[in-house]
Amino acid sequence: MTSTAQHLTTALDGQWAKVRQDVRRQLSRPEFAPHYTPNTLIARTKVNEQLRLLAAEKVAEPGFRTESGGTGDPGAAVTMIEMLAMSDLSLMVKAGVQWGLFGGAIENLGTTRHHEAYIRPLIELELPGCFAMTETGHGSDVQSIETTATYDPTTKEFVIDSPTESATKNYIGGAAETARTAAVFAQLITAGPGEEPTGHGVHCLVVPIRDADGTDLPGVTTSDHGYKGGLPGVDNGRIAFHGVRVPKDNLLNRFADVADDGTYSSSIENPNRRFFTMLGTLVRGRVTVGGAAGAAAQVALTIAVRYGLERRQFHNTDTGEEVVIMDYLSHQRRLLPLVARSYALRFAQNELVTRMADIQSRSDVDATEQRELEGRAAGLKAANTWHASRAIQEAREACGGAGYMAENRLIGLRADTDVFTTFEGDNVVLSQLVAKELLTAYADEVRSRDAIGWIKFAASTVGDEVMKRTAAAPFIQTLLDTRQDNEEEGSLFNRGTQIKMLEDREEYLIYTAAMRLRAADKRLESQFEAFNFVQDHILHVAQAHIERVELEAFVAAIERCEDPPAKEILEDLCDLYALDVIAADRAWFIEHRFISTERAKAVTRGLNERCRTLRPHARILVDGFGVPEAMLDAPMLTDD
Ligand SMILES: Cc1cc2nc3c(=O)[nH]c(=O)nc-3n(C[C@H](O)[C@H](O)[C@H](O)COP(=O)(O)OP(=O)(O)OC[C@H]3O[C@@H](n4cnc5c(N)ncnc54)[C@H](O)[C@@H]3O)c2cc1C
């Protein structure tokens with residue numbers, strides 16, 4: 001690897017570079033060599049062996065607080081699981097379910113008694129678990145799940161039931177075979193003395209589901225989903241409960257509790273707020289899934305670019321030589337903007353992990369900070385996973401027939417990442433969460449002004465509250481202040497101009513969404529109808545916001561880079577990212593008169609120009625991703 005590529009790796013690795021290096025070393029062991037097989041028996045056996053190897057090395061400890069038996073480094077925990085995606089996404093998912101979701105639910109929703117009983121055993125894999133939230137009837141709408149946990153004061157137990165067929169827990173990772181215990185989300189029903197039984201909304205309980213031999217416990221019925229669209233190493237399954245009794249202590253009671261006599265109490269009065277507070281503590285899973293999809297995209301792009309630099313097709317009539325396919329402009333246009341977006345996403349993801357680690361290590365987190373973190377995690381999860389689907393498919397096509405051979409990894413990566421757009425929150429649903437967060441901030445900003453202030457505000461800007469920068473704020477302001485905005489082609493390569501274009505798009509979209517919502521709210525019967533009326537607009541808000549965040553993170557990363565050649569490459573790559581984003585939304589920019597048709601054509605010319613500038617650095621760019629050589633063991637890259 002050249003020193004420039006190493007500097008790019010340093011820029012991409014971010015704060016938890018040491019963890020990334022440690023995992024790279026782990027993955028370079030023969031036991032973690034990529035091994036694609038659709039055979040679920042072989043794949044599950046292999047992944048379980050790998051998981052045990054990782055557990056023996058205590059890799060999960062950083063994910064848990066020292067008081068619980070961990071080492072308290074959530075950023076390291078997320079980074080570790082994310083890096084496993086470079087080897088095998090089934091392994092990443094199994095680790096994510098065991099330590100991130102199952103462990104995360106116990107750590108964040110439980111109290112000392114749960115931490116003492118479960119955390120060490122689950123770190124060491126003595127207690128394999130699963131995270132049972134989704135049901136056949138309800139996936140995205142978790143608040144409507146039907147499983148019940150009814151308190152029985154005579155025995156001081158909860159009785160867990162699946163009252164209908166659609167209440168069956170569905171798709172649950174680990175439920176088919178390995179999990180002995182489940183973190184079960186259920187509607188909690190209880191009655192204090194002299195009260196009628198009342199539902200208090202969704203809560204989480206620890207429920208044993210299998211004995212040591214793997215047999216379902218009485219009242220529990222599990223089944224296996226078998227063959228899926230990918231992730232053959234993950235044993236996804238269903239769980240139904242019929243009168244399953246667990247001690248009262250199994251309620252994860254950090255936010256709400258039930259007294260022996262059945263009296264319900266909670267530190268959070270409002271049931272809606274309680275539900276979202278509980279779910280908010282589980283944000284780590286979403287952060288990990290986004291990062292892992294990004295890592296998988298990096299592997300695929302590394303393979304495709306390397307292949308593109310070796311593969312030759314057709315003769316150059318001038319030289320008589322066969323052309324390396326990476327020399328075709330179309331090939332550059334297919335792959336290099338995706339490489340640029342991978343960089344942008346990684347930089348934004350690094351900022352997110354830093355922010356998450358900071359917030360999760362503090363006790364004084366206010367609601368706005370938490371809400372912003374959740375919005376950012378949702379947005380980057382959607383952006384990373386959609387990017388992975390697109391990039392891996394393009395990488396596959398860019399390798400022609402060879403790309404379709406399982407031994408060359410791409411079809412496995414594609415099949416395995418497909419569902420990342422759905423689990424840990426469906427991307428469309430998450431995008432709406434991002435937009436709602438922005439509109440709430442906007443409404444807060446509007447509410448805090450008097451009438452004249454509001455008119456001025458509405459006429460000028462969306463306000464600092466919404467356009468909050470996370471990265472290198474003063475530096476970005478300088479770029480904006482010193483930009484030369486004109487119709488000249490060169491100004492499209494001006495960073496200030498690029499930032500301004502993405503900021504203007506976001507501001508305009510938020511402002512007009514708010515205006516349309518207000519108008520629709522007056523005109524239509526319900527808030528639901530009003531929101532649904534502008535839903536396409538809302539999704540565009542989320543996309544514009546996340547792309548602006550990515551660009552700013554990219555700019556901040558360039559600023560931090562200390563190696564001049566690496567910095568120069570990053571500058572060009574950032575141009576490519578910005579122009580690609582603008583080109584993809586060219587119709588909107590023209591329709592709303594943010595750019596002329598002439599300038600839109602210049603964007604395309606700019607894209608081609610940057611592809612040409614970056615072509616000589618294609619190998620360095622993908623080497624910068626730092627994918628271990630052992631993960632790139634694709635015969636098409638080594639065959640003559
Ligand atoms: C392989 C796999 C592993 C999984 N592992 C687990 C696990 O371990 N534990 C667990 O609890 N769950 C797990 N899940 C469940 C997963 O989290 C859900 O599938 C996911 O939340 C989506 O729910 P759903 O499948 O019911 O889809 P739905 O919510 O029914 O969505 C279907 C479609 O409707 C659209 N849609 C839904 N609501 C709206 C709306 N308001 N506006 C516009 N469009 C909308 C969505 O975009 C989507 O395209 C897993 C799923 C899979 C496939």
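All ligand and atom numbering here is 1-based and tracks the order in the structure.
- The aromatic rings of Tyr171 and His225 lie parallel to each other, with less than 30° between the two planes, well short of the 60° mark.
- Taking the six-membered ring where tryptophan is involved, the planes of Tyr508 and His592 are perpendicular, since the angle between them exceeds 60° and thus also 30°.
- Residues passing the side-chain contact (heavy atoms from CB on, under 4.5 Å) test with Ala76, sequence neighbours excluded: Trp16, Val19, Pro62, Asp73.
- Remark: Tyr118 pairs with no residue by the ring pair (Phe, Tyr, Trp, His ring centres under 6.0 Å) rule, at least two apart or across chains.
- Considering only residues two or more places apart in sequence or on other chains, Glu61 meets the side-chain contact (heavy atoms from CB on, under 4.5 Å) condition with Lys58, Thr71, Arg120, Ile123.
- Although no hydrogens or angles enter the test, the distance criterion places a donor-acceptor pair under 3.5 Å between the side chain of Ser266 and the main chain of Ile268.
- For ligand 1, residues of the protein lying within 4.0 angstrom by heavy-atom distance are Phe131, Met133, Thr134, Gly139, Ser140, Tyr171, Ile172, Gly173, Asn236, Val419, Thr422, Phe423, Glu424, Asp426, Val428, Val429, Gln432, Gln535.
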